Amino acid sequence: MSTAGQVIRCKAAVAWEAGKPLSVEEIEVAPPQKNEVRVKIHFTSLCHTDVYFWEAKGQNPLFPRILGHEAGGVVESVGEGVMDVEPGDHVLPIFTGECKECPHCLSEASNMCDLLRINTERGGMLHDGQTRFSKDGKPIYHFLGTSTFSEYTVVHVGQVAKINPEAPLDKVCVLSCGMSTGFGATVNVAKPKKGGSVAVFGLGAVGLAAAEGARVCEASRIIGIDLNPNRFEEAKKFGCTEFVNPKDHNKPVQEVISEMTGGGVDCSIECTGSTQAMVSAFECVHDGWGVAVLVGVPSRDDSFKTHPIHFLNERTLRGTFFGNYKPLSDIPGVVEKYMKRELELDKFITHSVPFLDINKAFEYMLRGEGLRCMIRMDA
Ligand code: NAD
Ligand code: ZN
C-alpha cells in the first residue's frame, strides 16, 4: 500500500527542551510539498553539531525540535516538481544543499549555495516556512532541513544526494556529514603535499577523517592534538604519527608544535569548535606557506584574537563547510571511493544502538567515548 500523499504516523526522537533526554514517541509527518522529498531513514548517527543545538548553550534555543543530520535512507515519495529522485532511490540527506542555479552552485570554488546553505536557525521548510512534523496537531521544528532522528523525514530535493543503491547505508551514512567534512577539509582545502607535515586539532570523528585525508595525501608527519588523552590510541589507526596534549605543556601548544617541526607545520586542520584551538591551529603553521583550515563550529558569541603579523608573514587562514564538497554533485563520487576501498569508513563506527536507545549515543559523545554511534531505526 502506497503512503504517498498521506500523513505518516511514525516514531521520532523529539527534543522537547534544551539538554533533556530525547523522547521517542509517535508523531505525524505530512507529505512532501513542492521540491521536497519524504525519506524513510534507515540509519542515522550522532555528530557533535546535534549535541550543541540540543544543549543550546550559546545557540538560539528552538524547541520542540527533531535533530539529526547524518543519515542514510530511501525515498518514500516526492512532491511536486521533483525530477532528480524517485521513490526507492537510496539517498544521503545533507545539511547544506545545492540548487545548481545560484552563483555559488555555478562556481567551481564554492559549495555555499545561496538557497540551501546551512541554516541553523530555520525551523520550517523553505517552501512555506511551515513544519512537516507535528504531534497532536502541534508543530515540531526541523533542524538543518534534515531532522533525521525520525523514521520518516521531509527534506528539500536539493539536500538529498542520490547514491549507489549497493552502498551499505549503515556505513556510508557517515559521509553525509562528519567524514566528508574532515576528509574534504584536508584533501580539498588544506591540500598537503606528499611528504608534508599536518597538524590536526581535535581527534573526534571529524578530526580523524581529516587525518585520514592527510594519510591519503601521503603526508609524512600527522600530529594529533587533543585535550582528551583517550583519543590518542585510537588515532594511531588513522595515520597520526605523533600526539600533543596541550595540558601537558606550560606554553601555548602552537609553540610546542613550532619547536617539534622546526618552524611550524605545512598545514593544520582545526576540528574542535574551540576558539583557543582555532588560534593555535593558525599560529602553528609555518610562515611563508602554511595553511590553516577551520572546521569546528563555534558558539554564537565567540570571537578570537591573533596578531596581524601572522598573516603578514604569509600564513593563510581558511574555513570550510562540509569539506568544500558540493553535496549533490560530489558525494556520490565519495561513496564510490568507499566502494572501491580507497577510503575507509568502518573504523569510524565504534558504537551502535537501536533507535529507542538514542540517548545512549548522546552519552557516549558527552563522555568523549568512541567516534560515531550508528543508530538503527528498525531495531
Ligand atoms: P567530537 O566532540 O567528537 O571531537 C572534538 C574533539 O576536540 C574532542 O576529542 C575534544 O576533546 C577535542 N577538543 C576540544 N577542545 C579542544 C582544544 N582546545 N584543543 C584540542 N582538542 C580539543 O566532535 P566531532 O563530531 O568530531 O566534530 C568536531 C567539530 O566539527 C565540531 O565543532 C562540529 O560541530 C564541527 N563540524 C563542522 C562541520 C563543518 O562543515 N564545518 C561539519 C561537521 C562538524
Ligand atoms: Zn545554489
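Bear in mind that the values here come from a model prediction, so they are computed numbers and not experimental data. What you see below is based on every heavy atom in this structure, not just the backbone, and it leaves out hydrogens, waters and symmetry mates. Just follow the structure's listing: the first ligand is 1, and inside any ligand the first atom is 1.
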(message) Below 3.5 Å, N or O to N or O, backbone or side chain included: is there any such pair between Ala277 and ligand 1?
(response) no
(request) Can you pull out the closest protein heavy atom to atom 27 (O) of ligand 1? Residue, atom name and distance to 0.1 Å, please. (result) Val206 CG2, 3.5 Å
(request) Taking atom types as modelled, find out whether Ser280 and Gln254 have a side-chain donor-acceptor pair closer than 3.5 angstrom. (result) yes
(request) Verify, without hydrogens or angle tests, whether Gln6 (side chain) and Pro31 (backbone) share a donor-acceptor contact under 3.5 angstrom. (result) no
(message) Would Ser274 count as a polar contact of ligand 1, with the cut-off being nitrogen or oxygen pairs under 3.5 Å?
(response) yes
(request) Verify, without hydrogens or angle tests, whether Ser107 (side chain) and Ala109 (backbone) share a donor-acceptor contact under 3.5 angstrom. (result) yes
(message) Any heavy atom of Phe201 closer to ligand 1 than 4.0 angstrom?
(response) no
(message) Please list the nearest protein heavy atom to atom 19 (N) of ligand 1 with its residue and the distance rounded to 0.1 Å.
(response) Leu227 CG, 3.8 Å
(request) Considering the heavy atoms of Gly296, write down every atom of ligand 1 situated less than 4.0 Å from one of them. (result) 29 (C), 30 (O), 32 (O), 35 (C)
(message) In this structure, does ligand 1 have an atom that sits under 4.0 Å from one of the heavy atoms of Gly368?
(response) no
(request) Report yes or no: does His69 have a heavy atom closer than 4.0 Å to ligand 1? (result) no
(message) Quick one: does any side-chain atom of Asn359 pair with a main-chain N or O of Pro21 as donor and acceptor, under 3.5 Å?
(response) no
(request) For the pair Ser176 (side chain) and Leu92 (backbone), establish whether a donor and an acceptor sit closer than 3.5 Å, ignoring hydrogens and angles. (result) no
(message) Heavy atom to atom 7 (O) of ligand 1, shortest distance: which of Ser299, Gly273, Gly202 holds it?
(response) Gly202
(message) Show me which atoms of ligand 1 lie under 4.0 Å from any heavy atom of Arg231.
(response) 3 (O), 9 (O)
(request) Number the atoms of ligand 1 from 1 as they appear, then name those within less than 4.0 Å of a heavy atom of Phe95, with their elements. (result) 40 (O)
(message) Keeping Gln159 on the side-chain end and Ile94 on the backbone end, is there a donor-acceptor pair under 3.5 Å?
(response) yes
(request) Identify, for atom 43 (C) of ligand 1, the protein heavy atom at the shortest distance, and state residue, atom and that distance. (result) Cys177 SG, 3.3 Å
Would you tabulate the side-chain donor-acceptor contacts of residues 287-305 under 3.5 Å, counting partners in other chains and residues two or more places apart, or write 'none'?
| unit_1 | atom_1 | unit_2 | atom_2 | d |
| --- | --- | --- | --- | --- |
| Trp289 | NE1 | Asp266 | OD1 | 2.9 |
| Arg300 | NH1 | Asn60 | OD1 | 2.2 |
| Asp302 | OD2 | Ser299 | N | 2.9 |

(message) Restricting to ring pair (Phe, Tyr, Trp, His ring centres under 6.0 Å), what partner residues turn up for Phe322, sequence neighbours left out?
(response) Phe95
(request) Report yes if the side chains of Glu55 and Leu366 come closer than 4.5 Å at any heavy-atom pair, otherwise no. (result) yes
(message) Closer than 2.8 Å to the Zn ion (ligand 2): how many protein N, O or S atoms are there?
(response) 4
(message) Measuring from non-hydrogen atoms of Thr320 to any atom of ligand 1, is the shortest distance under 4.0 Å?
(response) yes
(message) Can you tell me if Gln276 has over 12 outside heavy atoms packed within less than 6.0 Å of its CD?
(response) no
(message) Let's go through Leu371 and Phe238 carefully: what are the C-alpha distance in whole Å and the side-chain angles of both, what is the deciding distance for side chain to side chain contact (heavy atoms under 4.5 Å, CB included) to 0.1 Å, and is it a yes or a no?
(response) CA-CA 12 Å; Leu371 298 171; Phe238 296 81; 3.7 Å; yes
(message) Does His69 form a side chain to side chain donor-acceptor pair (under 3.5 Å) with Thr146? I'd like the steps, not just the answer.
(response) CA-CA 5 Å; His69 64 285; Thr146 52; 5.4 Å; no
(message) Please check this pair: side chain of Glu259 against backbone of Gly262, looking for a donor-acceptor N/O pair closer than 3.5 Å.
(response) no
(message) Just to confirm my output: which protein heavy-atom neighbour is closest to atom 4 (O) of ligand 1, and how far is it?
(response) Gly204 CA, 3.3 Å
(request) Look at atom NZ of Lys337 and say whether more than 12 heavy atoms of other residues, nucleotides or ligands are closer to it than 6.0 Å. (result) no
(message) Please state which option from Val297, Asn230, Thr272, Asn245 has its nearest heavy atom closest to atom 14 (C) of ligand 1.
(response) Thr272
(message) Among all the protein's non-hydrogen atoms, which is closest to atom 37 (C) of ligand 1, and how far away is it?
(response) Val295 O, 3.0 Å
(message) For atom 33 (C) of ligand 1, what is the closest protein heavy atom, and at what distance to 0.1 Å?
(response) Thr49 OG1, 3.7 Å
(request) Around atom 9 (O) of ligand 1, find the nearest protein heavy atom and jot down its residue, atom name and distance. (result) Asp226 OD2, 2.7 Å
(request) Ignoring hydrogens and angles, tell me if any N or O in the side chain of Ser268 forms a donor-acceptor pair with the backbone of Ala281 under 3.5 Å. (result) yes
(request) Walk me through it: do Glu17 and Phe63 pass the test side chain to side chain contact (heavy atoms under 4.5 Å, CB included)? (result) CA-CA 6 Å; Glu17 265 181 77; Phe63 296 96; 5.6 Å; no
(request) Check whether any N or O atom of Cys47, backbone or side chain, sits under 3.5 Å from an N or O atom of ligand 1, and answer yes or no. (result) no
(request) Heavy-atom contacts with Arg372 under 4.0 Å: which atoms of ligand 1 show up? List them by number with element. (result) 25 (O)
(message) Show every ring-ring contact (aromatic ring centres under 6.0 Å, His included) that has at least one partner inside residues 20-53, sequence neighbours left out.
(response) His48-Tyr52, Phe53-Phe143
(message) Minimum distance, heavy atoms only, to atom 40 (O) of ligand 1: which one of Tyr364, Phe322, Phe348 is it?
(response) Phe322
(message) How far is atom 5 (C) of ligand 1 from the closest protein heavy atom, and which atom is that?
(response) Cys271 O, 3.8 Å
